[in-house]
Amino acid sequence: MKPIRKAVLPVAGLGTRFLPATKAVPKEMLTVVDRPVVQHVVDEARAAGIEHFIFVTGRGKAVIEDHFDIAFELDHTLQERGKTAAYEELKKDLPKAGQTSFTRQQAPLGLGHAVWCAREIVGDEPFAVLLPDMLSRGCMQQMLAAYDRHGGNIIAVEEVAPEETHQYGIVSVGETYGQSFEITGMVEKPKQGTAPSNFIISGRYILQPEIFGILEHGKKGAGGEIQLTDAMIDLMETQAFFGMRYEGRTYDTGSKLGFLTANLAYALERNELAGPLKAEIEKMLKGRG
């Protein structure tokens, strides 16, 4: 099995759920505590051993590229003013030269199309896909462990209440192997009461490069877009897919509630913020009562 070295991050979305905040600022650059959402996602992938980050961008997303570049004036000012800790923090977060690539998705044709736009940079090797809206800790590391066991294609899944399954892509469960299981089918947003399980596709994938040959056809699915789920269903005819139950919690920062919840959860993990934040929350709840 070839190792997973590269990750594709589709960051071309318009962020319409967060207007007007995302009119001029990419949704991926909204901050969870003091780090942009996309930085948290890159942190997760780097911790798992991913070496190369491929950002599929769109118009108005140049600030993401700037974020992962050296800011000479800022670095100089921080050093000149003796703000060593802040300077070292920026330096630590910066990927090494050649570890980031940026390619453009010229039209919003769906997730499958965004992944296909990265084909020349990925090349003929398996790769990861991380949706930047979905924030998690350690999910990619767990996925790589599942890939080491099974090979093939891996999808991170989480359980939701049965009445929520119509909002997500759902997988069918085959033979189980502890934390992972064979996927025997997939369906995108099934009608309420018809889902084959309550395991949702949660925004982390490991895919074989043959997916590009399927996406090449540009077959449109739900919403008139090129859906990654449709391509994975086609690839299942010749390759194995496995679901990996993520042991943790994913925050959908593309929704207002998920974004606010992620900010609270990540802030409460910070020693300097946890106590004062709890006190502020208690004050607000008492005032509301």
Checklist entry - When clusters are formed by joining ILVMFWY residues with side-chain heavy atoms under 4.5 Å apart, either directly or through shared neighbours, do Met29 and Phe18 land in the same one? => result yes
Next on the checklist: Applying a strict under-4.5 Å side-chain criterion to I, L, V, M, F, W and Y, I'd like to know whether Met244 and Tyr177 cluster together.
Outcome noted: yes
Checklist entry - ring pair (Phe, Tyr, Trp, His ring centres under 6.0 Å) between Phe55 and Phe68: does it pass, once the steps are laid out? => result CA-CA 11 Å; Phe55 298 87; Phe68 290 102; 5.1 Å; yes
Item to check | Val173 versus Ser197, closest heavy-atom pair with distance | outcome: CG2-CB, 4.2 Å
Checklist entry - Just by distance, do the side chain of Lys91 and the backbone of Asp75 share a donor-acceptor pair under 3.5 Å? => result no
Checklist entry - Does Leu257 offer a backbone N or O that forms a donor-acceptor pair with the side chain of Tyr251 under 3.5 Å? => result no
Item to check | Main-chain N/O of Leu268 paired with Lys278 side-chain donor or acceptor, under 3.5 Å | outcome: no
Checklist entry - Just wondering, do Ile226 and Trp116 contact through their side chains at under 4.5 Å, heavy atoms? => result no
Item to check | Polar side chain donor-acceptor pair, Thr57 to Glu65, under 3.5 angstrom | outcome: no
Next on the checklist: If I take atom SG from residue Cys117 and atom CD1 from residue Ile54, how far apart are they, to the nearest 0.5 angstrom?
Outcome noted: 12.0 Å
Item to check | Within-4.5 Å side-chain heavy-atom neighbours: Tyr205 and Val8 | outcome: no
Next on the checklist: Please find the pair of heavy atoms, one from Gln105 and one from Ala12, that lie closest to each other, and give the distance.
Outcome noted: OE1-CB, 3.4 Å
Checklist entry - Is the backbone of Ile211 close enough, under 3.5 Å, to the side chain of Arg119 for a donor and an acceptor to pair up by distance? => result no
Item to check | Ile200 vs Ile170 side-chain heavy atoms within contact, under 4.5 Å | outcome: yes
Checklist entry - Closest approach of Leu277 and Ala267, non-hydrogen atoms and distance? => result CD2-CB, 3.5 Å
Next on the checklist: Would you call the rings of Phe212 and Phe127 parallel, tilted or perpendicular, taking 30° and 60° as the class edges?
Outcome noted: parallel
Checklist entry - Can you list the steps and then say if Met186 with Val171 is a side chain to side chain contact (heavy atoms under 4.5 Å, CB included)? => result CA-CA 4 Å; Met186 295 178 225; Val171 300; 4.0 Å; yes
Checklist entry - Is the closest basic N to carboxylate O distance between Lys27 and Asp133 below 4.0 Å? => result yes
Checklist entry - Should Val32 and Leu264 be counted in the same cluster of Ile, Leu, Val, Met, Phe, Trp and Tyr side chains packed under 4.5 Å apart? => result no
Checklist entry - Is it true that the side chains of Glu210 and Gln239 contain a donor and an acceptor less than 3.5 Å apart? => result yes
Item to check | Distance in Å, Ile50 CD1 paired with His52 NE2, rounded so as to fall on 0.5 Å steps | outcome: 11.0 Å
Item to check | Trace of the side chain to side chain contact (heavy atoms under 4.5 Å, CB included) decision for Met143 with Met140 | outcome: CA-CA 5 Å; Met143 290 193 71; Met140 186 50 58; 4.1 Å; yes
Next on the checklist: Would you compute the distance between atom CD of Gln179 and atom CZ of Arg149 and round it to the nearest 0.5 angstrom?
Outcome noted: 6.0 Å
Item to check | Pairwise side-chain contact, Val187 with Thr194, heavy-atom cut-off 4.5 Å (strictly under) | outcome: no
Checklist entry - CG of Asp34 to OH of Tyr266: how many Å apart, nearest 0.5 Å? => result 12.5 Å
Next on the checklist: For Glu44 versus Cys139, what's the shortest heavy-atom pair and its separation?
Outcome noted: OE2-CB, 3.4 Å
Next on the checklist: Taking the side chain as everything from C-beta on, heavy atoms only, tell me whether Glu28 gets closer than 4.5 Å to Lys61.
Outcome noted: yes
Item to check | Interatomic distance, Gln208 atom CD to Ile154 atom CD1 [nearest 0.5 angstrom] | outcome: 9.0 Å
Next on the checklist: If you define the side chain from C-beta out and look only at heavy atoms, does anything of Pro10 sit under 4.5 Å from Leu131?
Outcome noted: yes
Checklist entry - At their closest point, which heavy atom of Tyr147 faces which heavy atom of Gly152, and how far apart are they? => result CE1-O, 3.6 Å
Next on the checklist: Grouping I, L, V, M, F, W and Y whenever their side-chain heavy atoms are under 4.5 Å apart, do Ile201 and Leu207 come out in a common cluster?
Outcome noted: yes
Next on the checklist: Tell me whether Glu158 is salt-bridged to Arg204, with the criterion being a basic N under 4.0 Å from an acidic carboxylate O.
Outcome noted: no
Checklist entry - In Å and rounded to the nearest 0.5 Å, what is the CG to OH distance from Asp252 to Tyr168? => result 7.0 Å
Item to check | Val42-Leu135 co-clustered via ILVMFWY side chain contacts under 4.5 Å | outcome: yes
Checklist entry - Do the non-hydrogen side-chain atoms of Arg270 and Val33 ever get within less than 4.5 Å of each other? => result yes
Checklist entry - Is it true that a side-chain atom of Gln192 and a backbone atom of Glu163 form a donor plus acceptor pair closer than 3.5 Å? => result yes
Checklist entry - Where is the tightest heavy-atom contact between Leu130 and Ala45, given as atom of each residue plus distance? => result CD2-CB, 4.2 Å
Checklist entry - Is there a side-chain contact between Thr165 and Phe199 (heavy atoms, below 4.5 Å)? => result no
Item to check | Any donor-acceptor pair under 3.5 Å from Ser180 side chain to Phe242 backbone | outcome: no
Item to check | Pair Gln39-Asp43, side-chain donor/acceptor within less than 3.5 Å | outcome: yes
